[in-house]
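Down below is the structure, laid out as structure tokens.
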Amino acid sequence: MTQSPLRISKAVIPAAGLGTRFLPATKATPKEMLPVVDKPAIQYVVEEAVSAGLTDVLMVTGRNKRPLEDHFDRNYELEEALTRKGDAERLAKVQESSDLATMHYVRQGDPRGLGHAVLCAAPHVGDQPFAVLLGDDLIDPRDPLLARMIEVQEREGGSVIALMEVDPAQIHQYGCAAVEPTGDSDVVKVTNLVEKPDASEAPSNLAIIGRYVLGPGIFDILRETAPGRGNEIQLTDALEKLAARHQSATTAEERLGGPVHGVVFKGRRYDTGDRSDYLRAIVRLACEREDLGPEFRSWLRRYVTEEM
Ligand code: UTP
């Protein structure tokens, strides 16, 4: 009997970036801890990993990121105080984040780029495919993406990236993919990747967003990847090499890393490291909350019609 491969169970969350777009808020507070309504942005990301079936989470952190570890740990003092007060509802909220998943942490001493952050996860991940979720990228919990990416990776092997159509005028802010269609309308084969291209040179308007399901072969490529744009080791550059190698492969060995596929996401996504997108995330999620929504929506309506 052939054994079916192990299901993907490990998530890596790079959260060691400096968050300079959000200064001065991020001078002493990690941007991942900024609240989206009443939960830090990072908790949505860990919850997303857990709902896609990933139970082992490795966070790549750095200096000033201690609050991330504290948030997913127990806080006995607070728990005791709430227990004494008989406030079961708030106690449950405090305990929620520490009960979510098995959390691990590794430090990226110097923020040398997203590719380098992913490489810091190699000893923990070992020789199996794994998911990467960027800590400042929030996918609306009602629009699942990661579970579909895992499904595609388990079927096709190799690596799978998340893509989203953007206004061509914005493509210079993203990694951009050249693609070919597949039999599935939401899945494409990635033939080339370019980090932050000028609109005139972009191969498509498909932007890479912060979710990846990667084969372990990416680590060897990352080790050989020289710093690129911004003098940082770019994950996009390593994935580009992987895609190119598979495209031109003639031997089984060259095909080892597997193909790169893209899942085209059409749902709601917010870059919480960007101030405007962060505000949009808060307004949208607050409007849709059962507890806060009704009152907030009617205030917002009044504000827009009467005060703007
Ligand atoms: P960003 O490009 O958003 O960079 O990183 P940043 O430093 O976090 O933020 P800005 O641009 O200065 O405001 C994308 C993701 O990669 C992680 C970040 O934490 C974020 O989740 N990252 C980036 C690392 O973990 N390490 C790095 O060296 C760079």
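Counting convention: from 1, in listed order, for ligands and their atoms alike. Throughout, residue positions are numbered sequentially from 1 according to the sequence presented. Bear in mind the structure is a predicted one, so any value in this text is a computation, not a measurement.
Between Arg74 and Asp99 there is no salt bridge, since none of the side-chain N atoms of the basic residue sits less than 4.0 Å from a carboxylate O of the acidic one. A salt bridge does not link Asp237 with Lys241: none of the charged nitrogens is closer than 4.0 Å to a carboxylate oxygen.
Ring geometry for Phe219 versus Phe130: interplanar angle under 30°, hence parallel rather than tilted (30 to 60°).
Cation-pi contact between Lys39 and Tyr44: present, with separation from the ring centre below 6.0 Å and deviation from the ring axis of at most 45°.
Residues lining ligand 1 at a heavy-atom distance below 4.0 Å are given as Pro14, Ala15, Ala16, Gly17, Leu18, Gly19, Thr20, Arg21, Lys31, Glu32, Gln108, Pro111, Arg112, Gly113, Leu114, Ala117, Leu134, Gly135, Asp136, ordered by chain and residue number.
Val118 and Val57 fall into different hydrophobic clusters, where Ile, Leu, Val, Met, Phe, Trp and Tyr side chains are chained together by heavy-atom contacts under 4.5 Å.
Annotation: side chain of Glu240 is not in contact with side chain of Glu195 (no heavy-atom distance under 4.5 Å).
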